[in-house]
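To keep things clear, I will list the structure first and then write my remarks on it.
Reminder, nothing fancy here: chain letters follow the sequence lines and each chain counts from 1.
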Number of protein chains: 2
Amino acid sequence: MRIGELADRACVSTRALRYYEEQGLLRSSRTAGGQRVYPHSAEDRVRLIRELYTAGLTSRVIAELLPAIDARHVSPELLARLLDERARTKAKVAELQAAGQRLDALIALATHPDSDSCPATLDRAAAKSPAP
Amino acid sequence: MRIGELADRACVSTRALRYYEEQGLLRSSRTAGGQRVYPHSAEDRVRLIRELYTAGLTSRVIAELLPAIDARHVSPELLARLLDERARTKAKVAELQAAGQRLDALIALATHPDSDSCPATLDRAAAKSPAP
DNA sequence: CTAGAACTTGACGCCAACGTCAAAGGCAAA
DNA sequence: TTTGCCTTTGACGTTGGCGTCAAGTTCTAG
């Protein structure tokens with residue numbers, strides 16, 4: 001398959017695919033004329049790459065990670081980095097959830113106008129704001 | 001307190017504090033000489049701002065949010081945006097956790113070398129990779 | 001064989017949240 | 001008063017993951 005079809009299938013732009021190749025995340029063979037050709041497996045490859053990006057990893061880290069996934073072997077240094085990244089993602093999840101609760105409190109404040117008289121909700125919404 | 005002390009207390013740079021002010025997120029009074037002066041409450045204010053940033057909100061959204069928090073009143077448009085943002089954070093949490101599990105699988109692969117023979121772990125680590 | 005869709009490389013653009021340097025002025029202690 | 005740190009505005013730099021032309025080439029349907 002060529003780059004356009006892969007882009008459609010994996011729901012990314014062709015620009016992104018070329019960028020992934022440039023970063024060493026994705027390989028391709030070429031036609032006689034120089035156009036990129038991908039195997040069907042490339043679709044899942046791209047989805048994996050996207051998932052790792054979504055996890056907050058950078059191209060550089062992903063580039064180190066993919067060979068380890070393929071080889072099913074993780075070097076000690078990479079393991080250290082993995083532990084580090086995992087900690088980072090866990091922290092990020094916690095932070096996101098905390099902020100999510102703040103948003104929830106604000107939403108509750110908007111959908112239940114009587115929560116104006118509910119100190120607990122307000123405390124959760126803006127714990128340290130100046131009291132009226 | 002002046003900008004340096006606030007920066008120390010809230011664990012952000014002075015540059016960030018000036019940026020927040022520029023974006024309308026933080027106010028300050030001035031000395032006769034023009035230096036910024038903050039009340040003690042500014043520390044919590046900055047922490048709140050940081051938390052909202054951490055949640056993936058932009059300056060623009062935060063700038064709309066803060067007055068609503070202060071006034072304890074949320075307009076319908078803002079409510080819609082809040083619901084949107086909350087959905088976004090929830091989706092992000094899910095994505096992060098999915099990627100986190102992938103990292104966990106890789107870590108397991110590194111710390112328990114015999115998991116090479118555990119198809120389930122491998123499936124979780126790289127569900128669609130070509131089989132050896 | 002030819003039109004035109006899809007593809008190529010190259011290079012600049014973008015955006016957000018600051019970092020960083022510069023030159024100048026403010027402030028407090030001795 | 002002087003020393004020396006703190007602060008001011010202004011402006012350019014950075015980073016990442018692409019978007020977006022541009023000008024030229026390749027592929028494929030008819």
Side-chain angles (χ1 to χ4, degrees), chain A residues 1-39 42 45-66 81 85 88-89 92 95-96 99, chain B residues 1-39 42 45-66 81 85 88-89 92 95-96 99:
Chain A
M1 111 180 66
R2 290 189 297 168
I3 198 171
E5 186 180 348
L6 177 56
D8 285 348
R9 284 175 185 268
C11 296
V12 299
S13 67
T14 60
R15 177 66 177 89
L17 293 178
R18 293 195 194 96
Y19 177 75
Y20 298 160
E21 184 169 331
E22 193 180 307
Q23 301 301 306
L25 310 182
L26 189 62
R27 289 183 314 170
S28 66
S29 46
R30 301 295 183 113
T31 66
Q35 299 195 351
R36 267 167 269 252
V37 175
Y38 301 92
R45 188 70 165 186
V46 173
R47 291 189 194 284
L48 169 59
I49 292 172
R50 287 301 316 153
E51 187 170 348
L52 294 175
Y53 269 124
T54 303
L57 305 192
T58 67
S59 303
R60 192 165 133 21
V61 176
I62 296 175
E64 294 180 53
L65 218 49
L66 289 178
R81 168 157 298 172
E85 295 291 352
R88 234 188 283 281
T89 64
K92 237 177 184 176
E95 288 167 345
L96 276 174
Chain B
M1 114 181 67
R2 290 188 295 168
I3 200 171
E5 187 180 348
L6 177 57
D8 286 349
R9 283 175 184 267
C11 296
V12 299
S13 68
T14 60
R15 178 67 178 90
L17 293 178
R18 294 195 193 96
Y19 177 75
Y20 297 160
E21 185 169 330
E22 193 180 307
Q23 301 299 307
L25 309 182
L26 189 61
R27 289 184 316 171
S28 66
S29 46
R30 300 296 182 113
T31 67
Q35 298 196 352
R36 269 168 267 251
V37 176
Y38 302 92
R45 186 72 165 187
V46 173
R47 290 189 194 285
L48 169 58
I49 292 172
R50 286 302 316 153
E51 188 170 347
L52 294 174
Y53 268 123
T54 303
L57 306 191
T58 68
S59 303
R60 192 163 133 25
V61 176
I62 297 175
E64 294 181 52
L65 218 49
L66 290 178
R81 171 158 297 171
E85 294 292 350
R88 234 189 284 281
T89 64
K92 237 177 185 176
E95 288 167 346
L96 275 175

Does a nitrogen or oxygen in the side chain of [X] sit under 4.0 Å from OP1 or OP2 of [N]?
{"X": "A/Tyr20", "N": "D/dC18", "value": "yes"}
{"X": "A/Thr31", "N": "D/dC27", "value": "yes"}
{"X": "A/Thr58", "N": "D/dG17", "value": "no"}
{"X": "A/Tyr19", "N": "D/dG17", "value": "yes"}
{"X": "A/Thr14", "N": "C/dA6", "value": "no"}
{"X": "A/Arg50", "N": "D/dC18", "value": "yes"}

Most 5' of A/Gly4 and B/Gly33 on DNA chain C, judged by nearest nucleotide: A/Gly4
Residue met sooner reading DNA chain C from 5', once B/Arg60 and B/Ala32 are mapped to nucleotides: B/Arg60
Separation of atom [atom1] in [X] from atom [atom2] in [N], rounded to whole Å:
{"X": "A/Leu17", "N": "D/dC18", "atom1": "CG", "atom2": "P", "answer": "10 Å"}
{"X": "B/Glu5", "N": "D/dT7", "atom1": "CD", "atom2": "C1'", "answer": "14 Å"}
{"X": "B/Arg36", "N": "C/dG25", "atom1": "CZ", "atom2": "P", "answer": "17 Å"}
{"X": "B/Arg30", "N": "C/dG25", "atom1": "CZ", "atom2": "C1'", "answer": "13 Å"}
{"X": "A/Ile3", "N": "D/dC27", "atom1": "CD1", "atom2": "C1'", "answer": "15 Å"}
{"X": "A/Glu22", "N": "D/dG17", "atom1": "CD", "atom2": "P", "answer": "12 Å"}
{"X": "B/Arg18", "N": "C/dA22", "atom1": "CZ", "atom2": "C1'", "answer": "13 Å"}
{"X": "A/Glu21", "N": "D/dG17", "atom1": "CD", "atom2": "C1'", "answer": "16 Å"}

Just to be sure I understand the rule, does A/Leu57 reach a base, reach only the sugar-phosphate, or reach nothing, if contact means heavy atoms closer than 4.0 Å? sugar-phosphate
Within the 3.5 Å criterion, strictly below it, is a donor on B/Tyr20 or B/Ser59 matched to an acceptor on the partner's side chain? no
When A/Gly34 and A/Gln23 are each assigned the nearest nucleotide of DNA chain D, the 5'-most assignment goes to A/Gln23
A/Gln35 or B/Tyr38: which one's nearest nucleotide on DNA chain D is closer to the 5' end? B/Tyr38
Rounded to the nearest 0.5 Å, how far does CZ of B/Arg27 lie from CD of B/Glu21? 10.0 Å
So how far is it from A/Ser28 OG to A/Leu17 CG, rounded to the nearest 0.5 Å? 9.5 Å
Test item: A/Ser29 side-chain N/O and A/Val37 main-chain N/O as donor-acceptor pair under 3.5 Å: yes
What I want to check is whether an N or O donor and acceptor connect the side chain of A/Arg15 with the base of D/dT20 at under 3.5 Å. yes
Pair B/Glu85 + B/Arg88, salt bridge at N-O below 4.0 Å: yes
Within the supplied structure, the quantity of interest is the number of heavy atoms (other residues, nucleotides, ligands) at a distance under 6.0 Å from B/Arg60 CZ; does it exceed 12? no
Minimum-distance nucleotide (side-chain atoms of A/Arg2 versus D/dC27, D/dG17, C/dT8): D/dC27
Considering only D/dC18, C/dC18, C/dC7, which nucleotide approaches the side chain of B/Ser13 most closely? C/dC18
